[in-house]
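Source: prediction; values computed, not measured. Only heavy atoms go into these numbers, but all of them, side chains included; no hydrogens, no water, no symmetry mates. Order of appearance sets the numbers: ligands from 1, and atoms from 1 within every ligand.
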Amino acid sequence: MELFEQIEGTEHEQIIFCNNNEAGLKAIIAIHNTVLGPALGGLRMWPYGTEQEALDDVLRLSRGMTYKAAVSGLNLGGGKSVIIGDPRKDKSEALFRAFGRFIDSLNGRYITAEDVGIDVNDMEFLFQETNNVVGVHQVHGGSGDPSPYTAYGTLQGIKAALQKKFGDQEVGKYSFAVQGAGHVGHNLIRLLRDEGCKVFVTDFNEESVAGAVEMGAEAVGLDEVYDLDCDVFSPCALGAVVNEDTIPRFKFKVIAGAANNQLANDEAGDELDARGILYAPDYAVNAGGLMNVSIEFEGWNRERALRMTRTIYYNLSKIFSIAERDNIPSYKAADRMAEERIEIIGKLKLPHMGKPHRFPGRERHGHA
Ligand code: NAD
C-alpha cells in the first residue's frame, strides 16, 4: 500500500520520520490525536524486520494511547514512537540525543516515556535534549518505576469488576490466577495477598515464581493456568491470551489484569460476553502507569499518584454502566466511553487545550 494511502485510513494527526546518519537513527513518531491534550506515549526500541512493521506498530500503539488517556479522564492525547534497532547492540548516547532533538522540535505536541527496549539511562540522554519526557529518574523530580502504580490501579479495576459481578468488593473472599509475576504481577500478588486472597501464579521465570510463592501464592504450570477453578483471571504477562483456544477452558467469572491487548480479537470479547464472563478492559485497568507519569506535569508526589490511580475504580464502573446502557460487551463500551469524551470535551475548546505542559519542580542539568 502507498504510504499516504495507509496513513489516510488511520485518522492519525501527524507522523514524523526521523533520520540522522551520524547517529544511525531511524525512528518514527506517531501522533494519533491531541484533542484532549498533548500526545503522550512511550518510546519503543525494537529490531523490526521491515520499516512497514515499525510503521504498523507505531500507528497501532499510538491509537491505543489515545483511548487509554481518554478513558482515564486525563487531559492527554495519544502518541508513540519507535526506534528501529536492536536494544542490545545499537544504543548510543548520540542515538538518543539525536532522537531527543526530534522530540523537542515538536514543542510539546508529543511527550515520550519508557517502553519496551528502553531503560532509565536512555531516558537521561533524551532528557538532556528535551523537557518533553516523563518517567525520568526521581532525582530530576520524575516519578520513577510505574509498576507499583499499575499494580495498585489493577487492584482498583478488580474491585470494580467484583462489585459488578458479585455485588461486593471483598477482594479477600475471591481466588485469583495471576499470569506473569514480573514488575506488575509481583506487586499485584503482594496487594492480593495483603487482602488475604487465594492466589495462583504462573511464570516462565522460576525466580519470579519463587518470589510469588514466598508471598503465599501457589505455583501452577504455564498452560494449567487456563483450567483453574477460580474466580478471577489476571493476565499480567502477554497479549492475546484470551482467544478461541483458551476461552472454552475458562471457569473464571472475571478477567481483570494489567497485560496490554489481552483479547486476541473482537470475537474473543464477544464470546466472553456471551458466556457471562465479565471482562475489565485492559487499557482502563492498566492506566495506573500512565496516570503516575502524568502527575509529573503538576509536580509528582506519591499521594497524588495513588489518589489518581484510585479513579480507575470509577472509570471501570462507568464502562460497565455504558455496556449495560447500550447493551454491548465491555470492550466496546470502553472504546465508546473514550470516543464520547473526546467528542464532548473537544467541542468545549477549553483555553488550555493545545498548549504545551510545563513541568514545575523538574531540574534539567546543563539547561537554563
Ligand atoms: P515484565 O516483563 O516485568 O513481566 C512480565 C512477566 O511475564 C515476566 O516475569 C515473564 O517471565 C512473564 N511471562 C512472559 N510470558 C509468559 C507466559 N506465557 N506465561 C507466564 N508468564 C509469562 O512486565 P511488566 O512491566 O510486569 O508488564 C506486564 C504486562 O503489563 C505487559 O503486558 C505490559 O505491557 C503491561 N503493562 C505494564 C505497565 C507497567 O507499569 N509496567 C503498565 C501498563 C501495562
For [atom], what's the nearest protein heavy-atom neighbour? Residue, atom name and distance, please.
{"atom": "atom 19 (N) of ligand 1", "answer": "L222 CD2, 3.5 Å"}
{"atom": "atom 4 (O) of ligand 1", "answer": "G182 CA, 3.2 Å"}
{"atom": "atom 17 (C) of ligand 1", "answer": "F204 CE1, 3.5 Å"}
{"atom": "atom 34 (O) of ligand 1", "answer": "N260 ND2, 3.0 Å"}
{"atom": "atom 2 (O) of ligand 1", "answer": "H183 ND1, 4.7 Å"}

Under 3.5 Å side-chain donor-acceptor pair for [X] and [Y]:
{"X": "Q6", "Y": "Q52", "answer": "yes"}
{"X": "N315", "Y": "Q156", "answer": "no"}
{"X": "E13", "Y": "T34", "answer": "yes"}
{"X": "D270", "Y": "Y331", "answer": "yes"}
{"X": "Y313", "Y": "Q169", "answer": "yes"}

Ligand 1 atoms in contact with [X] (distance to a heavy atom under 4.0 Å):
{"X": "L238", "value": "15 (N), 18 (N)"}
{"X": "G180", "value": "7 (O), 21 (N)"}
{"X": "S147", "value": "40 (O), 41 (N)"}

Report the part of C236 in contact with ligand 1, treating N, CA, C, O as backbone and CB onward as side chain, heavy atoms under 4.0 Å; options are side chain, backbone, both, neither.
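The part of C236 near ligand 1 is the backbone, not the side chain.
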
Report the part of N286 in contact with ligand 1, treating N, CA, C, O as backbone and CB onward as side chain, heavy atoms under 4.0 Å; options are side chain, backbone, both, neither.
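The part of N286 near ligand 1 is both the backbone and the side chain.
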
Would you tell me which option among [options] has the nearest heavy-atom contact to [atom]?
{"atom": "atom 9 (O) of ligand 1", "options": "D203, D115, N205, T150", "value": "D203"}
{"atom": "atom 31 (C) of ligand 1", "options": "A258, G289, A287, A237", "value": "A237"}
{"atom": "atom 41 (N) of ligand 1", "options": "V184, N292, D145", "value": "V184"}

Once the angle between the rings of F233 and Y226 is folded into 0 to 90°, is it parallel (under 30°), tilted (30 to 60°) or perpendicular (over 60°)?
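Perpendicular, since the angle between the ring planes exceeds 60°.
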
Any donor and acceptor pair, going by atom type alone, linking the side chain of T150 with main-chain N or O of G289 inside 3.5 Å?
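Flag set: sc T150 to bb G289 pair under 3.5 Å.
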
Counting only N and O atoms by type, is there a donor-acceptor contact under 3.5 Å from the side chain of T202 to the main-chain atoms of V220?
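Yes; at least one donor-acceptor contact below 3.5 Å.
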
Using a 4.5 Å cut-off on heavy atoms from C-beta on, say whether the side chain of Y67 contacts that of R63.
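Sidechains of Y67 and R63: in contact.
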
Evaluate the 4.0 Å heavy atom contact test for atom 7 (O) of ligand 1: does a protein atom fall under the cut-off?
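Neighbour list for atom 7 (O) of ligand 1 includes protein heavy atoms (cut-off 4.0 Å).
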
